Amino acid sequence: MSSPESSPYKATEAAEHTETRKTEWPLWEIFIRGQHGLSHRHVGSLHAADAEMAIKNARDVYTRRNEGVSIWAVEASAIAASSPEEKGALYEPANDKVYRHPTFFDIPDEVGAM
Amino acid sequence: MYAQMIKSTGQGVKSLDEMEPQERAFQERIDAGGKIEPKDWMPDGYRKNLIRQIGQHAHSEIVGQLPEGNWITRAPTLERKAILLAKVQDEAGHGLYLYCAAETLGVTRDDLTRDLLSGKMKYSSIFNYPTLTWADMGAVGWLVDGAAIMNQVPLQRTSYGPYARAMVRICKEESFHQRQGFDIMMKMAKGTDAQRKMAQDALNRFWGPALMMFGPSDAESVHSAQSMAWKIKMNSNDELRQKFVDQTAPQAEYLGLTIPDETCKLNEETGHYDFAQPDWDEFFDVLKGNGPCNTERLEARNKAWDDGRWVREGLLAHAAKKRSAKMAAE
């Protein structure tokens, strides 16, 4: 087992591999849309030589019990992601705008449901 | 369990006061029930421990296909064959979910595979026992998957996000595995004399090894204490083993089968079943590589890896060729 690095990783949940071996298939992140009109949701990842195989493998690995009607496969290295260290600065602008939430406004009871 | 005897730093659990601020924040997040995600800071020991534990769990799912795969071509009916195939396919899936989770910690799939094949990483001791008759398919589903569920249900709340999410998926599917096993046992236990004998024989052989799956008592273990502080282990081995016996003993009674342990009976005072410890010398011997099937299992995995090499490399070459043809066309 290679000793894992403790540095934060570049992109997705999957760690960046320092030495990509020729024999290792690339990693794909899999997104599945369920039956009920929801959007695609990340379900996990898998290895595949190309996109076509990634979708076939995703069918076998992630939809054995009718979990989905649509599959997206995205090569993990193509995903950009925010990093946890930026959390403060990234989301801070939302924190001081409490008026964006409907509960900020008091509506008298006699007005009824709004 | 599927992950047995996982060693941590061995230094004992630090108190919050002894920790540097970064580690203290990490521990406090876990104490508060928060999740650790792949890109978050984590102590090196936590990362290494998780790689060992998740890796061993994944290997167990993969190697666990072998004793059951053994019966696919000999299943008694077409329906049983289809069910067993689906079950074994699920085990492959479980292995893949877990490898994915381990990979988020900075280890590659090939690294993990190589360490399994070389014997450096272990898999659960239970899969080093042979499956001699069709009744063993019942016993494996009922007892082995039953024991696995005991451990996996609480792990859905483990502190590491990707591991917890993999466990949620696995638990959803695991109940099918246990029930199909019990269904086989019911059929055989209520069948002819020969079938009942076969079912009893399977229980006799798998009872001890199933109890061993939880690992030896870890009440005194510093490794377990650290893993529990990190919430990558949720219950002590003895606690889970007791729960398993309490659940399984009445089921055996329902089947009209006898647990091969004369001391196994309900203790009115404690409300729990008393039972005898399995043969721990045998357990350590199996871990060392001396179980009935250790050599066969590793040989099978090595052969699959070696025989599949040209496929892995061929498909990669084909993908590269297609990519460059597409680029040339653009």
Side-chain angles (χ1 to χ4, degrees), chain A residues 1-30 32 41-54 56-68 73 75-76 79-87, chain B residues 36-44 46-48 50-52 55 86 89-90 92-116 118 120-121 161-162 165-166 169 172-173 176 309 311-323 326:
Chain A
M1 185 191 314
S2 72
S3 65
E5 315 144 78
S6 51
S7 59
Y9 301 115
K10 198 177 70 182
T12 61
E13 292 215 331
E16 192 190 2
H17 302 148
T18 43
E19 34 166 351
T20 33
R21 293 188 187 82
K22 228 175 47 207
T23 51
E24 194 152 7
W25 290 343
L27 191 72
W28 300 75
E29 298 294 338
I30 305 302
I32 307 267
R41 204 168 75 96
H42 181 242
V43 291
S45 58
L46 50 77
H47 289 270
D50 58 23
E52 197 186 329
M53 185 181 174
K56 278 189 188 140
N57 286 356
R59 194 260 328 259
D60 291 341
V61 179
Y62 293 109
T63 67
R64 286 195 302 281
R65 287 173 176 79
N66 290 323
E67 286 92 338
E75 222 178 313
I79 293 182
S82 63
S83 81
E85 292 90 81
E86 295 165 0
K87 206 157 69 183
Chain B
I36 306 301
E37 295 296 339
K39 292 165 69 179
D40 293 334
W41 181 88
M42 60 187 85
D44 227 36
Y46 178 85
R47 182 188 301 276
K48 285 191 178 139
L50 266 177
I51 290 174
R52 276 193 217 117
Q89 193 192 14
D90 272 355
H94 295 180
L96 295 184
Y97 306 155
L98 288 159
Y99 282 131
C100 287
E103 281 180 281
T104 66
L105 291 158
V107 68
T108 72
R109 175 82 54 95
D110 280 7
D111 286 333
L112 289 168
T113 305
R114 262 181 265 271
D115 285 348
L116 167 68
S118 72
K120 189 174 155 199
M121 280 182 92
R165 292 191 282 274
R169 293 191 68 87
K172 267 190 202 154
E173 300 176 348
F176 147 58
R309 185 177 168 172
V311 181
R312 294 193 301 277
E313 291 179 356
L315 284 171
L316 208 54
H318 177 66
K321 209 167 125 187
K322 264 201 318 195
R323 219 173 18 246
K326 198 178 158 212

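Keep in mind that this is a model prediction, so the values were computed, not measured. Any value given below was found using the heavy atoms of this structure, including those in side chains, with hydrogens, waters and symmetry copies removed. We name chains A, B, ... by the order of the sequence lines, and we start the count at 1 in each one.
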Min side-chain heavy-atom separation B:K39-A:S82 under 4.5 Å: no

Counting heavy-atom pairs under 4.5 Å with chain A, the top scorer among B:Q89, B:H94, B:K172, B:H318 is B:Q89

Using the ring-ring contact (aromatic ring centres under 6.0 Å, His included) criterion, which residues pair with B:Y99? Sequence neighbours excluded. B:H59

Residues forming a salt bridge (Lys or Arg N to Asp or Glu O under 4.0 Å) with A:D50, sequence neighbours excluded: B:K322

Before accepting this row, confirm whether a basic side-chain N of the pair B:R114/B:D110 lies closer than 4.0 Å to the acidic partner's carboxylate O. yes

Under 4.5 Å from any heavy atom of chain A, what part of B:R169 do you find: side chain, backbone, both or neither? side chain

I'd like to know which of A:A48, A:G44, A:A49, A:A51 tops the heavy-atom pair count under 4.5 Å against chain B. A:A49

